[in-house]
S.K.: 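The structure is given below, and queries will be raised subsequently.
Only a predicted model underlies this, so the values are computations on that prediction, with no experimental measurement involved. Note that these values count all heavy atoms, side chains included, but never hydrogens, waters or copies made by symmetry. Residue numbers begin at 1 in each chain, while the letters A, B, ... track the order of the sequences.
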Amino acid sequence: MGAMRGHKPDSPRLLVIACGALAKEIVALRAQMGDGASAMTLQCLPAEYHNAPQKIAPAIDMILTERRDEFDQVLVSYGECGTGGALDQVLEKHDAQRLPFAHCYEFFAGSPLFAQITDEEIGSFFLTDYLVRNFDRLVIRGLGLDRYPHLRDLYFGNYRRVVYLAQTHDISLESAAADAADKLGLEFDYRYVGYGELKSAIKAATDAIVEYGGHDHVRD
Amino acid sequence: MSDDEIVLRELSDDDLVEQMKDDLYDGMADEVLEGTKILLERGWDANQVLSDALVEGMRIVGVDFRDGILFVPEVLQCAHAMKGGMGILRPILSATENSAKIGKYVIGTVKGDIHDIGKNLVGMMLEGAGFEVIDIGINNPVENYLAAIDEHEPTVLGMSALLTTTMPYMGVVIEEFDKRGILKELPIMVGGAPLNQEFADAINATAYGRDAARSAELAKALVGRNH
């Protein structure tokens with residue numbers, strides 16, 4: 001999170017900028033956050049940027065350029081997410097921070113479990129609740145497999161299994177994830193991990209904003 | 001056959017080459033294969049078919065990919081079409097005296113990374129540019145690169161990574177090359193979606209290939225510089 005620099009000391013504001021693939025999860029977490037929840041504004045970027053990470057940093061730069069001064073704190077709910085350092089440069093410019101992980105798979109699973117899974121099998125293709133719900137749109141159509149099904153092995157030939165990192169206990173999603181693995185010709189592994197480090201980050205941000213609201217502040 | 005369907009055999013050489021580039025752009029593997037056969041039957045040199053029709057076609061594809069006009073699935077279709085043509089040309093080129101390679105290029109994806117689509121595209125363009133390509137595959141620790149250097153004595157070595165978590169390993173490999181004095185002798189190219197020139201400079205790579213076509217051009221330039 002960036003340093004506190006509010007303009008409205010009586011109503012501190014927290015901006016959470018998130019990947020659209022985390023929207024449902026963050027809304028669910030916000031409902032658990034008590035007083036801090038009302039201070040949080042959530043703004044999401046298209047989940048499709050998952051397949052086009054070069055778009056992430058410029059989009060966040062635009063939002064922060066327009067809105068940074070409206071908020072006391074900013075939490076960018078992204079990992080590094082394949083931006084090649086571009087996201088960190090933008091966040092430094094705007095005094096904001098992201099989650100200290102490579103991607104959502106790592107912050108959902110937690111670094112030790114994620115490392116264990118990839119050490120066990122480097123050819124692990126990860127799904128989350130969001131990716132299971134949107135598998136056909138983001139994976140099948142997103143990679144052109146609906147038009148060019150023969151490309152499947154080009155994309156997935158080096159993978160051995162699908163690992164579904166589940167955020168919720170949902171039998172229908174588990175079944176859909178198994179179907180997805182079948183479509184890709186891969187083995188299936190189910191791991192319930194919940195919201196992992198995303199929950200800790202949202203809680204820390206909302207706790208901090210509540211604490212901030214309880215003190216006197218001088219306008220910038 | 002519909003009335004407006006193009007009959008490749010009825011086209012002049014120049015029109016056929018243009019049509020093949022269009023077909024390659026549209027990922028029409030059968031048509032590219034047929035065009036390749038026709039040009040060979042007409043006495044074209046295999047090298048010329050490769051450079052004028054296939055490599056030039058893929059160069060255009062690469063430009064449109066870079067500019068956001070084509071996307072990965074379409075590029076893979078194009079590569080599939082090119083591969084068909086190359087399947088015919090490769091044995092001819094191998095058997096022909098004038099097919100002397102301009103250099104040996106060892107290429108592989110770094111440790112921890114199993115993504116090889118970009119590497120395979122680069123390999124194809126390098127082959128088209130006249131390199132003998134030794135593909136050491138995916139998930140390569142530094143030992144594999146060192147073994148490949150010993151075995152093949154390449155003119156250029158290329159490393160590929162798709163993940164921001166694996167790209168720093170390129171720096172580890174280059175550092176090891178430097179310790180062993182390899183870096184002075186062997187140009188090292190790096191590429192992959194999350195990389196940029198700044199990163200390549202930071203890890204002391206010789207060159208950064210931002211796409212497959214550019215990588216092949218750079219490799220040719222590096223070989224020219226060495227000779």
S.K.: Can you tell which part of A/T83 gets under 4.5 Å to a heavy atom of chain B, answering side chain, backbone, both or neither?
M.R.: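 Only the backbone of A/T83 comes within 4.5 Å of chain B.
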
S.K.: What residues of residues 84-91 of chain B make heavy-atom contacts with chain A at a cutoff under 4.5 angstrom?
M.R.: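 Hits under 4.5 Å: none found.
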
S.K.: Do you know which two heavy atoms are closest between A/E25 and A/Y195, and how far apart they sit?
M.R.: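 Smallest interatomic distance, heavy atoms only, reads CG-CE2, 3.4 Å.
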
S.K.: Taking the six-membered ring for Trp and the full ring for Phe, Tyr or His, determine whether the centres of B/H115 and A/Y159 are under 6.0 Å apart.
M.R.: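 Ring centroids of B/H115 and A/Y159 are less than 6.0 Å from each other.
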
S.K.: Which atom names give the shortest non-hydrogen contact between B/I174 and B/I203, and what distance separates them?
M.R.: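 The pair with the smallest heavy-atom distance is CG2-O, 3.2 Å.
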
S.K.: Cut-off 3.5 Å, side chains only: do B/D178 and B/N204 have a donor facing an acceptor?
M.R.: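 There is no such pair (donor and acceptor under 3.5 Å, judged by atom type) between the side chains of B/D178 and B/N204.
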
S.K.: Do any N or O atoms from the side chain of B/K104 and from the backbone of B/H152 form a donor-acceptor pair under 3.5 angstrom?
M.R.: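 Indeed, once roles are kept as given, a pair shorter than 3.5 Å links the two residues.
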
S.K.: Less than 6.0 Å separating the ring centroids of A/F126 and A/F114?
M.R.: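 Judged by ring-centre distance (under 6.0 Å), A/F126 and A/F114 do meet the cut-off.
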
S.K.: What pair of heavy atoms forms the shortest contact from A/A47 to A/Y130, and how long is it?
M.R.: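 For A/A47 versus A/Y130, the nearest heavy atoms are CB-OH, 2.9 Å.
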
S.K.: Name the region of B/N139, side chain, backbone, both or neither, that has any atom closer than 4.5 Å to a heavy atom of chain A.
M.R.: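 The side chain, not the backbone.
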
S.K.: Please check: side-chain N/O of B/Y25 versus main-chain N/O of B/I60, any donor-acceptor pairing under 3.5 Å?
M.R.: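 Not a single qualifying donor-acceptor pair exists.
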
S.K.: Of the backbone (N, CA, C, O) and the side chain (C-beta and beyond), which part of A/L151 lies under 4.5 Å from a heavy atom of chain B, both, or neither?
M.R.: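 Just its side chain gets close to chain B.
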
S.K.: In terms of heavy-atom pairs under 4.5 Å with chain A, which of B/A193, B/G112, B/G27 leads?
M.R.: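 Going by pairs under 4.5 Å, I would pick B/G112.
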
S.K.: What part of B/L163 lies closer than 4.5 angstrom to a heavy atom of chain A: side chain, backbone, both or neither?
M.R.: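 For B/L163, neither part sits under 4.5 Å from chain A.
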
